[in-house]
Protein chains: 2
Amino acid sequence: MSEPTGLRARKKERTRDAIGDAAVSLFLERGFDRVSVNDIAAAAEISKPTLFRYFPTKEDLVLHRFADHQGEAARVVRDRRSGIEPVTALHRHFRAGLDRYDPVTGLNDHPEVVAFHRLVFTTPSLAGRLTRYQLEDEEALADALGEGIQARLRAAQVLAVQRVLARTNWQKIADGRTADAVHPEAVADADQAFNQLR
Amino acid sequence: MSEPTGLRARKKERTRDAIGDAAVSLFLERGFDRVSVNDIAAAAEISKPTLFRYFPTKEDLVLHRFADHQGEAARVVRDRRSGIEPVTALHRHFRAGLDRYDPVTGLNDHPEVVAFHRLVFTTPSLAGRLTRYQLEDEEALADALGEGIQARLRAAQVLAVQRVLARTNWQKIADGRTADAVHPEAVADADQAFNQLR
DNA sequence: ATGACCGAGTTGCTTTTTTAACCGAGTAAC
DNA sequence: GTTACTCGGTTAAAAAAGCAACTCGGTCAT
């Protein structure tokens with residue numbers, strides 16, 4: 001099930017986590033542009049070149065948490081059981097995310113998670129780069145859906161729906177409500193949105 | 001006072017400590033020859049060649065704690081204030097060690113320390129290698145004391161005295177007495193032994 | 001407007017570590 | 001007696017990390 005992790009791989013993963021965690025915690029503490037990459041490298045106890053070997057840009061230090069979900073939509077469509085509509089598969093997947101309060105659904109009231117979302121959405125360079133990630137995600141989904149303009153449109157619409165749903169959930173939670181309390185309407189919203197998509 | 005530790009030096013020191021600690025704790029747990037160097041490397045999360053780059057032999061994984069005191073006697077003699085006899089300086093230094101319950105004086109009842117001493121003295125290959133360390137220590141002390149056979153003899157006698165004192169203290173503690181309780185006689189023994197040396 | 005500084009990212013070189021394979025001695029199986 | 005282990009210790013090649021010095025764009029003083 002799990003690969004026989006060698007020493008090398010294990011340490012690399014740990015270093016990556018250490019850098020990412022140090023970066024996010026510093027960003028949350030002082031804000032994105034009040035923290036230099038030197039600060040992060042120092043906190044993670046690695047050198048600057050090493051930092052950039054793990055993350056191509058400063059922005060990616062934040063966005064790797066989204067990047068981990070990169071291509072997820074496309075994969076869901078590709079891996080669906082035969083006889084299932086793509087939109088249905090995506091709908092179920094999103095709903096499953098809701099049920100386990102996956103941060104990407106916006107339905108998560110852990111203080112760190114909500115602070116993290118605020119960080120991303122209120123820092124222009126981050127929001128900017130995030131849309132770039134979403135574009136790639138969209139293309140991958142389009143390819144999974146088929147060819148031509150039709151597939152592109154569908155992909156764009158699906159991801160737009162997911163963005164709106166996540167944003168809505170996050171907003172409610174930012175207003176002070178708990179994830180548990182919001183969950184029912186989040187499910188209802190998702191059902192309505194995905195059904196309209198069909 | 002402390003050198004400006006770079007990243008490299010800091011990590012090296014940490015690795016060395018990790019290896020040494022892992023080794024000693026495994027040895028105390030299962031005995032010297034029931035632990036392979038592979039086990040130690042695995043516990044310290046480093047590879048076998050790396051282990052041997054830090055410690056030349058398996059024995060040194062235990063004895064580095066003594067090695068850290070390597071040449072201490074010689075240094076004490078060299079750094080003594082003018083007008084002070086070498087033996088006096090060594091006597092005071094040993095006594096100071098007693099007062100702070102330095103493990104090398106044998107006067108320390110921390111369970112880990114006493115178990116550690118038992119490990120060293122009851123494992124032949126360790127005891128053997130330990131005498132080699134002591135030989136080097138003796139030579140260094142001889143050089144600090146002067147030249148010729150006279151200095152050598154003095155050095156040998158001093159170190160023999162220290163060994164006997166440490167061994168005696170350890171034995172009393174191994175018999176179940178506390179370091180506090182043994183301290184007065186330890187001091188008396190030391191005074192007598194060093195005075196006889198003069 | 002110029003020069004000094006700071007921060008993101010890069011480059012070239014060196015040191016450290018991993019990996020896998022090996023050696024040589026001991027030892028248990030058969 | 002040969003075979004096949006285990007264990008201490010070594011070797012060579014390749015990956016990873018450290019370090020210092022650099023580029024390049026901006027910002028701020030003078």
Side-chain angles (χ1 to χ4, degrees), chain A residues 3-24 26-27 29-64 67 119 123-130 132, chain B residues 3-20 22-24 26-27 29-64 119 123-130 132:
Chain A
E3 312 99 61
T5 47
L7 218 41
R8 196 120 79 190
R10 202 154 70 235
K11 288 188 175 177
K12 264 176 93 163
E13 201 177 331
R14 239 181 263 170
T15 303
R16 196 185 162 80
D17 286 350
I19 300 173
D21 290 352
V24 169
L26 283 178
F27 286 152
E29 190 181 319
R30 316 215 296 259
F32 187 72
D33 359 68
R34 314 183 81 87
V35 178
S36 78
V37 293
N38 280 310
D39 296 338
I40 298 165
E45 304 208 274
I46 47 117
S47 68
K48 193 162 59 151
T50 299
L51 186 152
F52 283 109
R53 241 175 252 128
Y54 280 86
F55 297 92
T57 71
K58 188 183 180 187
E59 281 78 25
D60 289 288
L61 286 166
V62 177
L63 299 181
H64 72 278
L119 172 72
T123 307
S125 58
L126 286 180
R129 187 152 181 113
L130 183 54
R132 242 206 68 242
Chain B
E3 311 99 60
T5 47
L7 220 38
R8 203 120 75 184
R10 203 153 69 234
K11 289 187 176 179
K12 263 175 97 163
E13 202 176 329
R14 240 180 262 170
T15 302
R16 197 186 162 79
D17 286 350
I19 300 173
V24 170
L26 282 178
F27 286 151
E29 190 181 319
R30 316 215 295 259
F32 186 72
D33 353 73
R34 314 184 80 88
V35 179
S36 77
V37 293
N38 279 311
D39 295 338
I40 298 165
E45 302 208 275
I46 47 117
S47 67
K48 196 163 58 152
T50 299
L51 185 153
F52 282 108
R53 267 192 340 92
Y54 279 87
F55 297 92
T57 71
K58 188 185 181 186
E59 281 79 26
D60 289 288
L61 286 165
V62 177
L63 299 179
H64 73 278
L119 172 72
T123 306
S125 59
L126 286 178
R129 186 153 181 113
L130 182 53
R132 242 205 69 242

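Naming: A, B, ... by sequence-line order, numbering from 1 per chain.
Taking a 4.0 Å limit (strictly below) on heavy-atom distances, residues 41-50 of chain B reaches DNA chain C at B:Glu45, B:Ile46, B:Ser47, B:Pro49, B:Thr50.
For A:Glu59 and C:dG9, the CD to C1' distance is 12 Å, given to the nearest whole Å. One can place CZ of A:Phe52 at 18 Å from P of D:dA20, the figure rounded to the nearest angstrom. Rounded to an integer number of Å, the gap from B:Leu51 CG to C:dT16 P is 16 Å. Spacing between atom CZ of A:Arg34 and atom P of C:dG7 amounts to 12 Å, rounded to whole angstrom units. The interatomic distance linking B:Phe27 (CZ) with D:dC7 (P) rounds to 13 Å, in whole Å.
Sorted by first and then second residue, the pairs that involve residues 43-56 of chain B and meet salt bridge (Lys or Arg N to Asp or Glu O under 4.0 Å), not counting sequence neighbours, are A:Arg10-B:Glu45, A:Arg14-B:Glu45.
When heavy atoms are screened at a 4.0 angstrom cut-off, B:Phe55 is found touching no nucleic acid atom at all.
The side chain of B:Lys12 places an N or O atom within less than 4.0 Å of a non-bridging phosphate oxygen (OP1 or OP2) of C:dT16. When the side-chain nitrogen and oxygen atoms of B:Lys11 are compared with OP1 and OP2 of D:dG18, one or more of them lie within a distance under 4.0 Å. OP1 and OP2 of D:dA16 both lie 4.0 Å or more from every side-chain N or O belonging to A:Tyr54. Remark: B:Arg53 is not in phosphate contact with C:dT16, judged by side-chain N or O atoms under 4.0 Å from OP1 or OP2.
Here the nucleotide nearest the side chain of B:Arg8, chosen from C:dT16, C:dA8, D:dA16, is C:dT16.
Note on the helix from C:dA1-D:dT30 to C:dC30-D:dG1: angle between the axes of the first and last five pairs equals 20°, rounded to 10 degrees.
Of the two residues near DNA chain C, A:Leu7 and A:Thr57, the one whose nearest nucleotide lies more 5' is A:Thr57.
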